[in-house]
Amino acid sequence: MSNAFEKAAKERQRQINEEGFSYSHDDEYVDGDLAAAGASYAAICEDIVRGGKSALDWQSPAFWPWPEHWWKPSEDPKRNIIKAMALLAAEYERIERQELSEQGPRPAG
């Protein structure tokens, strides 16, 4: 199991370093878009594993949150799982940052 988490962490770093999806960029998605994107990659993985061909015919699910050109599924179900995990981690981190900012600064000492 740790191999999957390690790969997801590397994918998350790739998203940040190569795609430019910084924490401040992620913080703009307050409507669950990161979670929806992760779910989309998980959904296509499920389709591939069940029949070897996606029932989505490689189109994004209806809940894909962004323009179609950002939909980049892989034929490798494991790769789609890694993308899903990284996007879900980004959503988790975004929620944590939001909660901390809503709490406000802590009183000193």
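None of the values given here were measured: they were computed from a predicted structure. Note that these values count all heavy atoms, side chains included, but never hydrogens, waters or copies made by symmetry.
- Taking a 6.0 Å sphere around CD of Glu75, one finds it holds 12 or fewer heavy atoms contributed by other residues, nucleotides or ligands.
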Just list the side-chain donor-acceptor pairs under 3.5 Å for residues 82-91, sequence neighbours left out, or say none.
{"residue": "Lys83", "atom": "NZ", "partner": "Lys72", "partner atom": "O", "Å": "2.2"}
{"residue": "Glu91", "atom": "OE1", "partner": "Arg94", "partner atom": "NE", "Å": "3.1"}
{"residue": "Glu91", "atom": "OE2", "partner": "Arg94", "partner atom": "NH2", "Å": "3.2"}

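- Atom CG of Asn80 is separated from atom OG of Ser74 by 5.0 Å, given to the nearest 0.5 angstrom.
- The line from NE2 of His25 to CD of Gln15 is 11.0 Å long, rounded to the nearest 0.5 Å.
- Under the 3.5 Å distance criterion, the side-chain polar atoms of Asp33 are left unmatched by any main-chain donor or acceptor of Tyr29.
- Here the CZ-NZ distance, from Arg14 to Lys10, works out to 13.5 Å after rounding to the nearest 0.5 Å.
- Minimum interatomic distance between Trp66 and Ala37 (heavy atoms only, all atoms of both residues): CZ3-CB, 3.3 Å.
- Aromatic pair Trp70/Phe21: ring centres closer than 6.0 Å.
- From Arg12, atom CZ reaches atom CD1 of Ile16 across 4.0 Å, with rounding to the nearest 0.5 Å.
- Glu93 CD to Asp26 CG: the interatomic distance, rounded to the nearest 0.5 Å, is 8.0 Å.
- Taken from CH2 in Trp64 to CD in Gln59, the straight-line distance is 12.5 Å, to the nearest 0.5 Å.
- Trp71 and Phe63 are members of different hydrophobic clusters when ILVMFWY side chains are connected at heavy-atom separations under 4.5 Å.
- Ion pair Glu11/Lys7 not flagged as a salt bridge, since none of the NZ, NE, NH1 or NH2 atoms sits closer than 4.0 Å to an Asp/Glu carboxylate oxygen.
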